[in-house]
Amino acid sequence: MSQQFPALIIIVPLLAAFFIFTVSWINRKLCFPIAVLSLAISLVSAMGLLGMVLSNGPVEYRMGGWPPPWGIPYYVDYLNALVLVVVYAVALINLLACRQSVRREFPDKIGSFFTLYVLFVTGLGGMVVTGDAFNLYVLLEIASLTGYALIGMGKGDAALSSLNYIFMGTIGASFYLLGIGYLYLVTGSLNIADIASILPGVYDSKVVLVAFIFCITGLFLKMAFFPLHGWLPNAYTNAPSAAISLIAPLTTKVMIYVMIRIVLYLFTPSFSFGALHVGSVLVWLSAGAIVMGSLLALGQKSLKRMLAYIIVAEVGYMTGGLWLGNTEGITGAILHLVNDAAMTLCVFLAAGTLMFKIKPSVAGELQLDDLAGSFTKMPYTMAAFVMGALSIIGVPPFCGFFSKWYLLSGAVTAGHYEFLAALLFSSLVNVVLFFRIIEIGYYGKPGHRAESGHSIAHMDEAPLDMLIPLLLVAAGLLAMGFYTDDIVTHVIRFAIPAGIV
Amino acid sequence: MKIIGFIIVLLCGGLLAYATSDFPYWGDPASPASMHVSAYYIENAVADTSVPNIVTAVLADYRGYDTMFETAVIFSAAIACFFLLRIFTPESSQSKLYRHIPTGITLRIAPGGKLPEKSDTFERIDSSWVPHDLIIKTACRLFIPFIQIFGLYVIAHGHHSPGGGFQGGVILGASIILFAVSNDLRSTISRMGEKITAFLCSAGVFIYAGTGALCILLGANFLDYGALASLMGVDPVSARSHGILIVEIGVGITVMAVMVSLYYILSSGGQLDEGL
Amino acid sequence: MHDLILAIMSKYNYWIYIVLLMIGLYAMMVKKNLVKKIIGMNILQTAIILFYISVSAKKDGTLPIIIHGPHAGHHPVRAADYINPLPHVLMLTAIVVAVATLGVALALAIKVYQQYGTLDEDEIHTRIRK
């Protein structure tokens, strides 16, 4: 059975999604348990796969029994297995926390929400684990389509924001497809490992250069790398809370994983860093992305919009880390991928919980001033939010500190001091942003929006099934900080291919 | 905005045109794209799967995993439209139109008024109604069964002629949409209801993924149809051919149901009572 | 000069697809009406499909269906006789994805229309600001 883990990871949620949709017409109460069960099975398989990879090395699974490159293989190595565990863990924890919020926002469409949810996670998981470039495109489109629908059901101008997201996302995916087509034209194969072995013979072809540019540009569009980030703030602010705490931690991070896979394993480092001298330009662009993301976050009054701009800055961290081109930088990028998924989940879950309990003053968007006095009313939620904030700022022993440390040392080694400056600047801005919230929450009086009407508010804490997953994630941030050394030496060090100094 | 757009377009176009100088000539049989993987497919498809149509063999067997996810894409499009638009309690702020058949008088019932009971003299019409045309209705009624037979033929004969699950499914869906366009949406929904369409959407993809899961239970890898040989009592190569047929049928069912469901939801704005 | 003309004439299919791609991209970026942007998206995806299909052509090749059926075995199949089937397979998938994206985009456009009463982007922005 353990041989079939790679298939089980994808098949069980896929079958469950179809099942949930059919069952929702008969009995609505069964949808949630089926979704939880399927994601739990996938998480167990993902952890089993990670164990297998740690003990025996990379695992290959052949779909349909055909050897690559005739068939489609799943190729699970160190990088994959780690990201896979992260994806399913985030999805499962969020699913447990979002049940009440879903029941409040879409009471009659629970079945289709969970179907879209499970299909989204399946698409992301498949993207992480596949070894075929075209298969990646198909799974990218599954994840994107379900994401568009989940975002489009929010309040305010969610439909328009989602439509803009469709336009930019489709251009991104089409550029990626074009790049893969060009690679097929000169190599004749679609398998990642196969292309990587044929490409060195055609490195000086203009076709490969243009393919590289289009693939990377397409991925930049999908991961909201400044200045192609226009869709992200609107889409993430207007989406329903249950959906956004799934989409925000995962979408951009999995796109960054795809970029790492393509830059390091498809176009091997000798091409990406050697033949092409774009590394410095991209590090400058990443520094710009970090600075602009942080500056734009400073000017926001709405909580979710501020968090969305912080995500734009975080994307800059990881992209810059990859293009620094040295071991510490890439280690920092991969470690930050894992950490940022957890940190973003923590703050977005906390924001969702706050939105569930506090009535916002501006329709739909929770303003920062609405959080006045929330430390007394909802202490546990705010405690978890503070832990997420400290991790984003980069305070030890939280995990955010360690990934920033690797990125900083990578920047120093490569001599890219502008990246170092941008990282420090963004940490300072994050301090300002989050301490502003802490100050409003701690010192502000819970005003006219208090539920009870007293000026001394009693505790009106969130329901337990939203609180426990949130505290679990916050504790996880601490645990990942303590185990950073294990993660780096046992997993990430093997994920970086040979050829990087 | 126009100038920025123009500059971006010129840059992208220029970049792509720059790359064409290194392309192989059009139609060159020795280009890298035609060697290696695709040459293997052409030379070995019949020996491996006994299906002469190489496109079907590659689609449903060698790269069958991709096709399963493609079917999941179209399924998620149907779910997405359902999730976004479907309204179960229609707004009662629209006035309804009824037509008295013997005299041809149209009644407009204001919101909240009493609706005429179901009888043969009153029929409900759409707000954008045109007088029914006997020629169109009769011609479509005569065509639709033949279109459906052709759709079934395309699915079933996909092994030997161009065709397969997607093409046949779209033809079948088009036949039902033709009925909805020539008559009205309500009579189509009474014949092919929303629940049965939703069930068929999931059933088709379930057949596909279920066949793959069956292969796992029989001991081989996912979607390795050779494992079905023990179940069907034929040799592995013919089992692949039969496996391809089964998944094509699943794909056809899903595509038909999704086309119909998308038409229902999009043409009536989610309310499923008044269509085009 | 002769080389340039030869280069253009032997690869004219690629020039056509580039022109279509740029038309689609321009429409998506510049047009104000939401439906025109959706049409531009469709043109973009169709251009890429056309590119892949044109890659699969071969001089003197025929349809990729083995002519004598499964009971051949007389002469071995030669790859140069049949056109390349792989891009056709890939584009079946891409067409389905394009249709699915079109469906979801139209559903969202209907939702926008139900909310704002117009499909023009400038109009919608003025209505949001009010």
Side-chain angles (χ1 to χ4, degrees), chain A residues 4 7-8 10-11 14-15 17-19 21-22 25 61-66 69-72 106 108-109 112-113 115-116 119 122-123 126 132 134-135 138-139 141-142 145-146 148-150 152-153 159 178 182 184-191 194 198 202 205-207 209-211 213-214, chain B residues 12 15-16 18-24 31-41 44 48 61-70 72-73 75-77 79-84 86 88-89 194-195 198-199 201-203 205-206 209-210 212-213 215-216 220-227:
Chain A
Q4 308 289 345
L8 275 185
I10 305 298
I11 305 314
L14 196 63
L15 284 171
F18 309 140
F19 210 48
F21 188 59
T22 322
W25 292 94
Y61 184 87
R62 299 175 172 178
M63 290 292 164
W66 299 107
W70 328 127
I72 298 178
F106 328 106
D108 51 351
K109 293 187 186 164
S112 39
F113 179 86
T115 310
L116 287 172
L119 276 172
T122 311
D132 184 278
F134 190 77
N135 198 18
V138 180
L139 289 160
E141 286 296 309
I142 290 191
L145 276 173
T146 42
Y148 303 146
L150 285 171
M153 266 306 267
L178 199 59
Y182 274 36
Y184 174 69
L185 193 63
V186 283
T187 58
S189 167
L190 290 166
N191 187 300
D194 202 31
I198 302 180
V202 279
S205 165
K206 300 192 193 74
V207 181
L209 173 64
V210 172
I213 295 178
F214 270 90
Chain B
C12 283
L15 200 61
L16 289 170
Y18 170 68
T20 53
S21 56
D22 265 348
F23 275 9
S31 64
S34 315
M35 315 298 268
H36 196 29
V37 177
S38 89
Y40 176 88
Y41 287 150
N44 299 63
D48 283 338
D61 195 357
Y62 290 101
R63 296 189 71 95
Y65 191 63
D66 249 353
T67 310
M68 181 180 78
F69 275 112
E70 175 188 349
V73 165
F75 173 76
S76 53
I79 307 282
C81 288
F82 176 86
F83 184 62
L84 283 170
R86 186 80 175 90
F88 285 105
T89 47
E194 187 191 8
K195 280 198 182 168
F199 174 70
C201 277
S202 328
V205 203
F206 207 76
C215 300
I216 289 189
N221 275 352
F222 186 65
L223 286 177
D224 191 355
Y225 305 129

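All chains are named by letter (A, B, ...) in the order of the sequence lines, taking the proteins before the strands, and each is independently numbered beginning at 1.
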(message) Nearest 0.5 angstrom please: A:S205 OG to B:F23 CZ, how far?
(response) 8.5 Å
(request) Could you check which of A:T146, A:L150, A:D108, A:L178 has the highest count of heavy-atom pairs closer than 4.5 Å to chain B? (result) A:D108
(request) Answer with side chain, backbone, both or neither: which region of B:F75 has an atom nearer than 4.5 Å to a non-hydrogen atom of chain A? (result) side chain
(message) Can you confirm if the aromatic rings of B:Y41 and A:W66 lie within a centre distance of less than 6.0 Å?
(response) no
(request) Under 4.5 Å heavy-atom distance to chain B, tell me which part of A:I142 shows up: side chain, backbone, both or neither. (result) both
(request) For atom OH of B:Y40, decide whether the heavy atoms of other residues, nucleotides or ligands shown that lie under 6.0 angstrom number more than 12. (result) yes
(message) For A:W70 and B:Y62: C-alpha separation, side-chain torsions, deciding distance, then whether ring-ring contact (aromatic ring centres under 6.0 Å, His included) applies.
(response) CA-CA 7 Å; A:W70 328 127; B:Y62 290 101; 8.4 Å; no
(message) I'd like to check A:I72 versus B:D66 (side-chain heavy atoms, cut-off strictly below 4.5 Å). Are they in contact?
(response) yes
(request) Side chain from CB out, backbone as N, CA, C, O: work out which of these in A:F214 comes under 4.5 Å of a heavy atom of chain B, or both, or neither. (result) side chain
(request) Please indicate whether A:F19 has more than 12 foreign heavy atoms, meaning atoms of other residues, nucleotides or ligands, lying under 6.0 Å from its CZ. (result) no
(request) Report yes if some heavy atom in the side chain of A:I11 is under 4.5 Å from a heavy atom in the side chain of B:M68; otherwise report no. (result) yes
(message) Determine whether a donor-acceptor pair (N or O, by modelled atom type, separation under 3.5 Å) exists between the side chain of A:Y61 and the backbone of B:N221.
(response) no
(request) Test side chain to side chain contact (heavy atoms under 4.5 Å, CB included) on A:V207 and B:Y18 and set out the steps. (result) CA-CA 9 Å; A:V207 181; B:Y18 170 68; over 6 Å; no
(request) Measure the spacing between CD1 of B:I79 and CZ of A:F18 and express it to the nearest 0.5 Å. (result) 9.0 Å
(message) Using heavy-atom distances under 4.5 Å, tell me whether B:A198 contacts chain A through its side chain, its backbone, both, or neither.
(response) both
(message) Can you tell me which portion of A:V186 sits under 4.5 Å from chain B's heavy atoms? Options are side chain, backbone, both or neither.
(response) backbone
(request) Under 4.5 Å heavy-atom distance to chain B, tell me which part of A:T115 shows up: side chain, backbone, both or neither. (result) side chain
(message) Using heavy-atom distances under 4.5 Å, tell me whether B:N44 contacts chain A through its side chain, its backbone, both, or neither.
(response) neither
(request) State the CE-CZ distance between A:M153 and B:F83, to the nearest 0.5 angstrom. (result) 5.0 Å
(request) Decide yes or no for B:L223 and A:M63: does some side-chain heavy atom of the first lie under 4.5 Å from some side-chain heavy atom of the second? (result) no
(message) Testing the basics here: between B:S76 and A:L116, what is the closest heavy-atom pair and its distance to 0.1 Å?
(response) O-CD2, 4.3 Å
(request) Below 4.5 Å from any heavy atom of chain B, which atoms of A:T187 appear? Answer side chain, backbone, both or neither. (result) backbone
(message) So which residue, A:N135, A:L145, A:V138, A:V210, ends up with the most heavy-atom pairs under 4.5 Å with chain B?
(response) A:N135
(message) Quick check for you: among B:E194, B:M35, B:E70, which has the greatest number of heavy-atom pairs under 4.5 Å with chain A?
(response) B:E194
(request) Would you indicate whether the side-chain heavy atoms of B:R86 and A:S112 approach each other to under 4.5 Å? (result) no
(message) Do B:L16 and A:Y182 make a side-chain contact, defined as non-hydrogen atoms from C-beta onward lying under 4.5 Å apart?
(response) yes
(request) Against chain B, label A:L15 side chain, backbone, both or neither, depending on which of its atoms sit under 4.5 Å from a heavy atom there. (result) both
(message) Quick check for you: among A:G126, A:A7, A:P69, which has the greatest number of heavy-atom pairs under 4.5 Å with chain B?
(response) A:P69
(request) Mind checking side chain to side chain donor-acceptor pair (under 3.5 Å) for B:S38 and listing every partner two or more places apart, or none if nothing turns up? (result) C:N84
(request) Applying side chain to side chain contact (heavy atoms under 4.5 Å, CB included), run through A:I213 and B:L15 and close with a yes or a no. (result) CA-CA 9 Å; A:I213 295 178; B:L15 200 61; 3.9 Å; yes
(message) Could you check whether A:D132 pairs with B:R63 (Lys NZ or Arg NE/NH1/NH2 to Asp/Glu carboxylate O, under 4.0 Å)?
(response) yes
(message) What I'd like to find out is whether the side chain of A:L14 reaches to under 4.5 Å of the side chain of B:F69, using heavy atoms alone.
(response) yes
(request) Heavy-atom distances under 4.5 Å only: say whether A:L185 touches chain B with side chain, backbone, both or neither. (result) both
(request) May I ask you to test the B:D224-A:R62 pair for a side-chain heavy-atom distance under 4.5 Å? (result) no
